[in-house]
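Please read the structure below before turning to the comments.
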Number of protein chains: 2
Amino acid sequence: MSASTKLSNSVKALCFLANSNKPCNSNEISENTGINASKLRKLLSLLCKNLIVESNKGATGGFTLKKSSDQIHLQEIYCAIEDRKAFDLHSSSDNNLSNIFDNKVNSYFLDLFNNIQIDIENKMREIKLSDIINFIKNKK
Amino acid sequence: MSASTKLSNSVKALCFLANSNKPCNSNEISENTGINASKLRKLLSLLCKNLIVESNKGATGGFTLKKSSDQIHLQEIYCAIEDRKAFDLHSSSDNNLSNIFDNKVNSYFLDLFNNIQIDIENKMREIKLSDIINFIKNKK
DNA sequence: TTATTTGTTATAGTAAGTGTAACAATTAAA
DNA sequence: TTTAATTGTTACACTTACTATAACAAATAA
C-alpha cells in the first residue's frame, strides 16, 4: 500500500469505529468500508501499538477507539502506519572522482526532503479525526 | 526513477553544465556525475522542452544551460521532469453501500494531498540552482 | 472444550522502477 | 557529398516493490 492509500484506509476504518458504540471485528469493518479484512488487521495492529485503537481477541473481541475522535490527530495516524524511512537518493557509488560532489548534492536533498517531511507532518498535526468526520457529514 | 532521484540527478547534471563554458555531451556529463548517459539524455530532453537547457545534435553538439543558474528555480526543474499526476487512492469500488462514504473520504484526501503538493512547490520555487551550487562550494 | 478473533507470515500475481542497449534522425565538419 | 558524432526515443531484460488474499498459530471469551 502506498502511504496515501494506507492513510486513507486507516481513516476510513477509524471513522467507522468512531461511529460505533461496541467493539467491531475486522470482517464487520471490511464489509462497511470495502477494505480487505486482512489488510485492515495489519493497519489496525499498527494503530494498536500506537495507542490509537484497542484490540481484543476471542469471541466477543474486536477493535475500539482508545481516544475520542477529537483527540486523534492525522499526524499520529500517519506516524503509526508509516515507518518514516529516510529518503535514499541512489548515490552512484562507482565513480570515485565525483563521490565528494555526489555526497554534497545528496546531503542537500536529504536535508530538503526532511524539511518537507516536517512541514507535511506539521500540517497533519492540525487535523483531528473529528474534523474529517465533520467534513464527511457536511459534504453533500 | 523516483521523483527524488530524478530531481537530484537533474540537479547534478545542471551543476556540471553551469560550471562548463562549452557544450557538454551526455558521455562527458555521465563520466563526471556517474549517471548513465542514456538516463541523462532522457532527463535532459525533458529539461530542453521546458527551456532550461539547450541541446544540439551533431559533431560538436551537446547540452548547455539556457539561463544563468540564478534564474533557474528548483520548482521549474521539478515540473519539467515530473508529470504531476493526481494522487489516486485505490477506491474500493466493489462495495456499493459504502461508495458514497468512500468518495467523500477520498475527496478529502485528494484535497489535502493537492494542498501539500502546492506547499512543496512553493518551497521549491524559492530555491535557485545557484543556491545549491553555493551550498556545495561552501560545504566542507 | 469450542468457537471466534487478532496478529503475523506466506504466497501468487501484478505493477513499477532500473540499467542498459540499440538505432533512427539530425547535424556539423571534413 | 560523405562521414562521424550526438540527441531523442524505443525496447528489453531484470529486479524490486506493491497488492490482494489466504492460512494459521496464539489468545480468549463463552
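Order of the sequence lines sets the chain letters (A, B, ...), proteins ahead of strands, with each chain counted from 1. Nothing here was measured: the structure is a model prediction, and the numbers come from that model. All values below were derived from every heavy atom in this structure, side-chain atoms included, with hydrogens, water molecules and symmetry-related copies excluded.
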(message) Could you check whether B/K12 and A/N106, counting side-chain N and O atoms only, form a donor-acceptor pair closer than 3.5 Å?
(response)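 Checked: A/N106/B/K12 side chains pair up, N/O donor to acceptor below 3.5 Å.
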
(message) Checking A/N50 against A/K66: is there a side-chain donor and acceptor pair closer than 3.5 Å?
(response)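 Judged by distance alone, the side chains do not pair up.
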
(request) Check the distance between C/dT5's C1' and A/L40's CG and give it to me in whole angstrom. (result)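 Interatomic distance, CG of A/L40 to C1' of C/dT5: 14 Å.
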
(request) Mind calculating the distance between CG (A/L43) and P (C/dG7) to the nearest angstrom? (result)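 For the pair A/L43 CG and C/dG7 P, the rounded distance is 12 Å.
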
(request) Test for a donor-acceptor pair under 3.5 Å between the base of C/dT20 and the side chain of B/K42, counting only N and O atoms. (result)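 Yes, the side chain and the base share a sub-3.5 Å donor-acceptor pair.
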
Would you list the protein and nucleotides 24-26 of chain D atom pairs, both N or O, that sit under 3.5 Å from each other?
none

From the options [options], select the nucleotide whose nearest atom is closest to the side chain of [X].
X: A/K39; options: C/dG7, D/dT21, D/dG8; result: D/dT21
X: B/A59; options: C/dA28, C/dT8, D/dT7; result: C/dA28
X: A/F63; options: C/dT8, C/dG7, D/dA11; result: C/dG7
X: B/C48; options: D/dG8, D/dA29, C/dT8; result: D/dG8
X: A/S38; options: D/dA22, D/dT7, D/dA29; result: D/dA22

(request) Ignoring backbone atoms, establish whether A/N36 has a side-chain N or O less than 4.0 Å from OP1 or OP2 of D/dA20. (result)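 Checking D/dA20 against A/N36, no side-chain N or O comes under 4.0 Å of OP1 or OP2.
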
(message) At less than 4.0 Å, is any side-chain N or O atom of B/T60 found next to OP1 or OP2 of D/dA5? Yes or no.
(response)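 It does not, given that no N or O in the side chain of B/T60 lies less than 4.0 Å from OP1 or OP2 of D/dA5.
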
(message) Using a 4.0 Å cut-off on heavy atoms, which residues in residues 15-29 of chain B reach DNA chain C? List them by number, or say none.
(response)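 Under 4.0 Å from DNA chain C: no residue of residues 15-29 of chain B.
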
(message) I want to confirm an ordering. Mapping A/K49 and A/G58 to their closest nucleotides on DNA chain C, which one lands closer to the 5' end?
(response)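 Mapping each residue to its closest nucleotide by heavy atoms, the 5'-most match is A/G58.
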
